[in-house]
Student: 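There's a structure below that I have some questions on.
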Number of protein chains: 2
Amino acid sequence: MANRFVQKLCGLAELATDDRSAIEKATACPRRYVARQDLIREGDEPGPMFVMLEGWACRYKILPSGTRQIMAFLMPGDACDLHIKLLAEMDHSIQTLTPAMVATVSRADMQALMSGHPNVARAMYSAQLVDEGIMRAWIVSMGRRSSVERVAHLICELYLRARTIGLTGDDEFALPLSQLLLADALGMTAVHINRVLKELRLAGAMALARGSATILDPVKLIQIAGFNENYLHRRLRKAL
Amino acid sequence: MANRFVQKLCGLAELATDDRSAIEKATACPRRYVARQDLIREGDEPGPMFVMLEGWACRYKILPSGTRQIMAFLMPGDACDLHIKLLAEMDHSIQTLTPAMVATVSRADMQALMSGHPNVARAMYSAQLVDEGIMRAWIVSMGRRSSVERVAHLICELYLRARTIGLTGDDEFALPLSQLLLADALGMTAVHINRVLKELRLAGAMALARGSATILDPVKLIQIAGFNENYLHRRLRKAL
DNA sequence: CGAGTACTTGAAAGCCGTCAAGAAGGGTGG
DNA sequence: CCACCCTTCTTGACGGCTTTCAAGTACTCG
């Protein structure tokens with residue numbers, strides 16, 4: 001069974017065998033979570049870093065009005081903030097969306113891993129830069145894209161992210177997100193998401209079934225989304 | 001003349017005199033820019049890290065439709081991405097908004113500075129965590145806040161950020177942003193920003209003049225915005 | 001098999017964008 | 001110093017996208 005964290009980091013730097021085994025060792029004792037379980041809540045004191053090995057999670061915030069905004073999806077291979085221990089309290093919560101296996105790595109262990117394995121450090125920093133790029137892309141989507149474009153763009157992003165960790169079929173991939181979750185991530189209502197999905201399905205671009213998404217026409221979907229994958233930085237700098 | 005970068009980092013970690021002088025040395029040779037000048041463009045190969053010493057800048061992206069989305073405002077003391085050199089190309093552009101003094105620090109110099117001064121490293125990492133918190137807050141604003149709330153929230157944020165680097169008066173602070181810039185940052189049109197500002201002015205919450213903002217009623221503004229300053233992490237962890 | 005959640009669809013209201021036109025302010029050149 | 005121009009700001013009218021409200025259907029889990 002592949003360690004998705006190792007797999008993801010391998011795409012971000014040249015990792016030797018002992019780099020990989022050191023990463024695996026640091027994440028060797030994951031804990032099992034059920035769906036809809038908070039890993040940490042807004043206001044909590046940050047603890048060790050979380051690493052998603054299986055299953056999905058999200059960063060979210062509940063507003064005074066009771067509405068929720070999801071700020072990021074975490075899929076297998078994704079790690080939470082590197083130096084989070086420096087902060088006094090969390091400014092958002094993190095919750096599993098599916099049953100999940102989550103490893104925790106203390107800041108000391110991560111420091112040791114990174115100082116002993118420079119290429120692991122490079123991969124971790126690159127992963128953080130990609131995460132920041134994704135946040136900026138979300139800001140762009142929310143600010144300047146229509147709801148149809150927004151949905152299409154998110155699906156393109158999630159498909160590519162899933163593909164880099166080997167979780168996609170040919171034109172289909174597992175997407176354990178309800179329409180309500182998509183709505184909370186895209187700043188829309190569940191009702192409107194439903195209408196947009198219907199429109200995308202009738203256009204022959206994509207279809208969303210319970211638990212999986214199907215890309216019916218990649219070119220059309222990319223065109224609708226105005227998708228440019230550069231912010232995912234799949235092509236990294238070869239040499240420093 | 002205060003070095004705003006030093007001033008900002010001092011708020012993020014305990015810095016000794018030699019820590020501060022090392023930072024000042026690394027940013028000793030800033031370059032002058034005029035307003036509306038790109039520091040770096042989407043697609044460019046990342047170079048040294050930028051540090052704003054005077055003046056404002058923004059991160060932005062132009063969409064195929066020609067519209068612009070601003071993803072972050074950079075004010076004096078703010079630094080751009082730490083490890084950006086790891087990426088092959090920029091996924092967005094950075095442009096000055098006012099005449100500015102900008103220092104550049106090579107990745108090697110920054111590495112040396114941080115490894116020789118652990119508390120500077122802590123401050124830099126904390127600054128990055130705050131920047132990420134700000135991005136998430138923008139996502140929340142764009143997704144779940146009305147236009148009035150959004151404008152109020154941004155003003156609250158910018159006021160607090162300006163205050164930590166000593167750039168605020170009692171109830172007023174320099175805000176060199178046109179209504180068009182605010183619109184591009186908040187995902188609205190300049191026309192609607194204008195109406196919202198009028199509403200906030202008539203409500204007695206705040207007023208925006210050319211180049212400066214006045215907080216007429218802090219309590220009311222915070223209440224309208226639903227503002228919680230926790231994401232700016234002004235209260236950091238005392239000890240590790 | 002029952003209950004709750006998720007999905008679907010329609011109708012109406014409202015927020016915000018678009019279009020248009022004019023006023024105000026700042027900078028430049030004569 | 002003034003005239004001119006351009007950017008920015010301001011306001012009104014209209015239209016459209018999205019939300020809200022409501023009701024009904026399908027699906028899943030206990």
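Residue numbers begin at 1 in each chain, while the letters A, B, ... track the order of the sequences.
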Student: Establish, with yes or no, whether the OP1 or OP2 oxygen of dT19(D) is under 4.0 angstrom from a side-chain nitrogen or oxygen of Thr189(A).
Tutor: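 Answer yes for this pair, as a side-chain N or O of Thr189(A) is under 4.0 Å from OP1 or OP2.
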Student: Grab the CZ-C1' distance between Arg150(B) and dC15(C) for me, whole Å please.
Tutor: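 Value for this atom pair: 11 Å.
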Student: In whole Å, I'd like the distance from the NE2 atom of His192(A) to the P atom of dT8(C).
Tutor: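 Rounded to whole Å, this separation is 15 Å.
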Student: Checking contacts here: which listed nucleotide (dA6(C), dT11(D), dG10(C)) is nearest the side-chain heavy atoms of Arg210(A)?
Tutor: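 Selected nucleotide: dA6(C).
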Student: Do the charged groups of Asp38(B) and Arg41(B) touch, with an N to O distance under 4.0 Å?
Tutor: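 Looking at Arg41(B) together with Asp38(B), the answer is yes, because their closest N to O distance falls below 4.0 Å.
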Student: Tell me: CG of Leu177(A) to C1' of dT5(C), nearest whole Å?
Tutor: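 Roughly 16 Å, once rounded to whole Å.
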Student: For Leu202(A) and dT8(C), what is the distance between atoms CG and P respectively, to the nearest whole Å?
Tutor: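 Going from Leu202(A) (CG) to dT8(C) (P), I get 11 Å.
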Student: Where is the tightest heavy-atom contact between Arg145(A) and Gly226(A), given as atom of each residue plus distance?
Tutor: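 Distance-wise, the nearest heavy atoms are NH1-O, 3.9 Å.
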Student: Would one find a side-chain N or O of Gln179(A) under 4.0 angstrom from OP1 or OP2 of dT8(C)?
Tutor: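 True: Gln179(A) side-chain N/O within range (under 4.0 Å) of dT8(C) OP1/OP2.
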Student: How is Gly187(B) classified with respect to the nucleic acid when contacts are heavy atoms under 4.0 Å: base, sugar-phosphate, or nothing?
Tutor: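 Contact class for Gly187(B): sugar-phosphate only.
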Student: Side chain of Ser146(B) only, please: which of dC16(C), dC7(C), dG25(C) is the nearest?
Tutor: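 For the Ser146(B) side chain, the nearest candidate turns out to be dC16(C).
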Student: Is a donor-acceptor contact shorter than 3.5 angstrom present between the side chain of Arg195(B) and the base of dT18(C)?
Tutor: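 Counting by modelled atom types and ignoring angles, a donor-acceptor contact under 3.5 Å is found here.
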Student: Write down the distance between CD1 (Ile193(A)) and P (dT20(D)), rounded to a whole number of angstrom.
Tutor: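 Roughly 14 Å, once rounded to whole Å.
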Student: Any salt bridge between Arg4(B) and Asp78(B), counting N to O under 4.0 Å?
Tutor: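 Not counted as a salt bridge, because no side-chain N and carboxylate O are separated by less than 4.0 Å.
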Student: What is the distance from CG of Leu180(A) to C1' of dT8(C), rounded to the nearest Å?
Tutor: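 To the nearest whole Å, that distance equals 14 Å.
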Student: Nearest whole Å is fine: how far is dT20(D) C1' from Met188(A) CE?
Tutor: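 In whole Å, dT20(D) C1' and Met188(A) CE are 14 Å from each other.
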Student: Any side-chain N or O of Asn194(B) less than 4.0 Å from the OP1 or OP2 oxygen of dT10(D)?
Tutor: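 Looking at the OP1 and OP2 atoms of dT10(D), one of them is under 4.0 Å from a side-chain N or O of Asn194(B).
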Student: Going by an N to O cut-off under 4.0 Å, is there a salt bridge joining Asp184(B) and Arg144(A)?
Tutor: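 Looking at Asp184(B) and Arg144(A), the cut-off is met.
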Student: To the nearest angstrom, how far is Arg36(B) atom CZ from dG26(C) atom C1'?
Tutor: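 Arg36(B) atom CZ is separated from dG26(C) atom C1' by 13 Å.
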Student: Under 4.0 Å between a side-chain nitrogen and a carboxylate oxygen: does that hold for Glu54(B) and Arg32(B)?
Tutor: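 Looking at Arg32(B) together with Glu54(B), the answer is no, because their closest N to O distance does not fall below 4.0 Å.
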Student: Is Lys198(B) near enough to dT10(D) that one of its side-chain N or O atoms lies under 4.0 angstrom from OP1 or OP2?
Tutor: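 Looking at the OP1 and OP2 atoms of dT10(D), neither is under 4.0 Å from any side-chain N or O of Lys198(B).
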Student: Just compare dT18(D), dC9(D), dC21(D) and give me whichever is closest to any side-chain atom of Ser178(B).
Tutor: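 The answer is dC9(D), which lies nearest to the side chain.
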